[in-house]
Amino acid sequence: MEGQKKLHLVVFPWLAFGHINPYLELSKRLAAKGHHISFVSTPRNLKRLPNIPQHLLPLISLCPLPFPRLDSLPPNAEATSDVPFDKIEFLNKACDGLQEPLTRFLKEVSPIDWIIYDFCYYWLPPIADTLGIRKVYFSLINGRGLSAMGPSLNMIKDGDGTWTDPEALTMPLKWIPFPNNVVYRLHEAKNTIGGTQKNASGVSGMFRAGCSINGCDVLAVRSCVELDKEYLKLLEMLHGKPVLPTGLLPVSDDTKMQGGKDDETWGVLSGWLNRQRKGSVVYVALGSELAPSQDQVDELAHGLESSGYVFLWALRKPVGSRVDLPDGFEDRTKDRGLVWKGWAPQPKILGHDSVGAFLTHCGWSSIIEGLQFGRPLIMLPFVLDQGLNARAMEEKKLGIEIPRNEEDGSFTSNSVQKTLKMVLNDETGIIMKEEAKKMSRIVSDKNVDSRYIDNLEEYLYNHRPVREP
């Protein structure tokens, strides 16, 4: 938007790097248009951000807020990666203590045109309204997953009953008016409902998200019409808000970790990958926050071992996890497998020619990275929107789920082995690889990416607050 006034945007993600990093990707794209970004988080989180490209440094200001300390949280804990999964509710509680310092910050750096914020900050919309700041709720759950939660007013009432009954989530939802497969397995529904109920913070995750959406001026969604068209339209009806897809925001080429960590780790991993045949490696990564059970890790490990396939397993155990690999597993598979127990540069691994498939927990960011590089998906979802993402990818022939027990989520090494074979050696896998390559061309198309950001920029500019001269 040449020659027009540039916007001042405050960006305020939830305290998880699965949220912070996509919010930073959106910030970089908007800053590249010449807009000024005040990127707000806690001091320790800002220090752990990937390096911001040199040409964008004048336009992205990193703005620390002091993080409240609670006895129930470990010292220096400022992100979900710093706490065990069952302690995240206390992080929510501490996060509510950011209300006063954020208000003070917003007053100090005004004028602000828009604030782009996350699900946790249900208290933010009234503050922004008082200060004359317009509001974007930016959802990192795609249109399908967000539609499953229902209208925002129902979310404020904790799902109006639906989200207290696991069985109800295993059947088609009444507010989705077209044929769909937005259904949870029973074990997923049980786990997901647990994460939406009231907790130590005194406020449920569903209530937080419902108030955050209900109070926004526009709902931005990390998705695209190529994957999510009918659900993006449905969201407008469910919430009575304009809905703007941001595109998938694939990781940009200039993303690097601070302190040289990326280069050092990649040197080791790329050396190993370079020695493998093209398309032969199964890359395994199940996230770093929710720990699979010991039985699940055992069955996955035995399935990889008995399959005979080459694998790279990024096994970064969550804080507090006591789950270990089976005795002797690494020794028995060392000729064709590598278990990497630290942080791993996932986009670089997925982009390597030796990788032929991606065994994933189906977090939306991980799926996007897999699609960005055209990798067929072997899917093992656990909680929240992961199962719905898996249904969507299977429907589009981009991957296949490992068969599991519907009630308890258990699976066997044999089911792992058979699923690997289907993707890597059967006709089913050939179709998935072809579809994944087609989708890769869309996800990686910078013109498509730019078009979504252009549309978002145009909306933000045309609907900015009107200020007196």
Side-chain angles (χ1 to χ4, degrees), residues 17-18 80-87 187 191 261 264-273 275-276 280-346 348-350 352 354-363 366 369-370 375 377-383 386 390 401-405 408-421 423-424:
F17 281 93
T80 54
S81 56
D82 301 326
V83 300
F85 189 74
D86 61 359
K87 295 283 187 181
H187 66 91
N191 289 335
K261 184 178 182 181
E264 182 182 338
T265 299
W266 180 237
V268 177
L269 293 175
S270 63
W272 185 86
L273 288 166
R275 295 192 292 272
Q276 314 308 321
S280 66
V281 177
V282 180
Y283 173 57
V284 183
L286 301 179
S288 58
E289 293 184 8
L290 178 63
S293 68
Q294 184 65 64
D295 284 346
Q296 289 170 334
V297 169
D298 287 346
E299 293 300 328
L300 179 55
H302 292 316
L304 289 168
E305 183 177 354
S306 61
S307 74
Y309 293 113
V310 180
F311 66 87
L312 167 55
W313 190 347
L315 182 63
R316 191 179 182 191
K317 291 200 296 186
V319 173
S321 172
R322 297 172 185 251
V323 174
D324 287 312
L325 291 167
D327 289 342
F329 170 76
E330 290 179 83
D331 285 338
R332 293 192 302 272
T333 59
K334 63 184 178 183
D335 292 336
R336 60 178 176 83
L338 174 63
V339 178
W340 188 260
K341 295 181 179 178
W343 172 85
Q346 182 160 290
K348 287 189 173 183
I349 293 169
L350 287 166
H352 197 280
S354 68
V355 174
F358 180 19
L359 200 163
T360 173
H361 66 311
C362 298
S366 287
E369 289 171 357
R375 307 305 176 207
L377 306 171
I378 300 164
M379 300 182 289
L380 194 62
F382 291 94
V383 70
Q386 294 169 6
E401 290 188 57
I402 294 172
R404 302 169 76 166
N405 181 289
D408 64 14
S410 61
F411 56 91
T412 66
S413 59
N414 190 47
S415 64
V416 173
Q417 180 182 341
K418 286 184 176 179
T419 308
L420 291 175
K421 183 179 179 183
V423 174
L424 291 167

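Side-chain N/O atoms of D408 and S410 include a donor and acceptor closer than 3.5 Å.
To the nearest 0.5 Å, atom CG of residue L315 and atom CG of residue D324 are 9.0 Å apart. Of the inter-residue distances, the one linking L312 atom CG with W340 atom CH2 reads 9.0 Å to the nearest 0.5 angstrom. With rounding to the nearest 0.5 angstrom, the CD atom of E369 is 10.0 Å from the CD1 atom of I349. A distance of 11.5 Å separates NE2 in H302 from OG1 in T412, rounded to the nearest 0.5 Å. The CD atom of E401 sits 12.5 Å away from atom CD1 of I378, with the distance rounded to the nearest 0.5 Å. Within the model, atoms CG of L304 and CH2 of W313 stand 6.0 Å from one another, a figure rounded to the nearest 0.5 Å.
Between the side chain of E299 and the backbone N or O of Q296, no donor-acceptor pair lies under 3.5 Å. Looking only at distances, no side-chain donor or acceptor of S366 sits under 3.5 Å from a matching main-chain atom of C362.
Judged as a side chain to side chain contact (heavy atoms under 4.5 Å, CB included), and not counting sequence neighbours, the contacts of H187 are R185, R404. Legend: residues meeting side-chain hydrogen bond (donor to acceptor under 3.5 Å, both in side chains) with R332, ordered by chain and number and at least two apart, are E305. For K341, the salt bridge (charged side-chain N to carboxylate O under 4.0 Å, His left out) partners are E330, not counting sequence neighbours.
Contact record, G370 with L350: N-CD1, 3.8 Å, taken as the closest heavy-atom pair. Between F411 and I402, the shortest heavy-atom distance links the atoms CB-CG2, 4.4 Å. Here the closest heavy-atom approach between residue G303 and residue L420 is recorded as O-CD1, 4.4 Å. Pairing each heavy atom of S306 with each of R336, the nearest pair is N-NH2, 4.4 Å. Nearest heavy-atom pair, A390 versus P381, reported as atom, atom and distance to 0.1 Å: CB-CG, 4.0 Å. For the residue pair S270 and H352, the shortest heavy atom distance occurs at O-NE2, 4.3 Å.
The side-chain heavy atoms of P292 and V323, taken from C-beta on, include no pair separated by under 4.5 Å. Within the 4.5 Å cutoff, side-chain heavy atoms of L300 are placed close to those of V284. The shortest distance between side-chain heavy atoms of F358 and Q346 falls below 4.5 Å.
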Under the side chain to side chain contact (heavy atoms under 4.5 Å, CB included) rule, what do K421 and Y309 come out as? Steps first, then yes or no, please.
CA-CA 9 Å; K421 183 179 179 183; Y309 293 113; 3.8 Å; yes
Report the C-alpha distance between L269 and L338 in whole Å, list the side-chain angles of each, state the deciding distance to 0.1 Å, and finish with yes or no for side chain to side chain contact (heavy atoms under 4.5 Å, CB included).
CA-CA 9 Å; L269 293 175; L338 174 63; 3.8 Å; yes
Assess the residue pair W272 and V310 against the criterion (side chain to side chain contact (heavy atoms under 4.5 Å, CB included)); give the C-alpha distance rounded to whole Å, side-chain angles, the decisive distance to 0.1 Å, and a yes or no.
CA-CA 11 Å; W272 185 86; V310 180; 3.7 Å; yes
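For F311 and F329, the distance between ring centers is under 6.0 angstrom.
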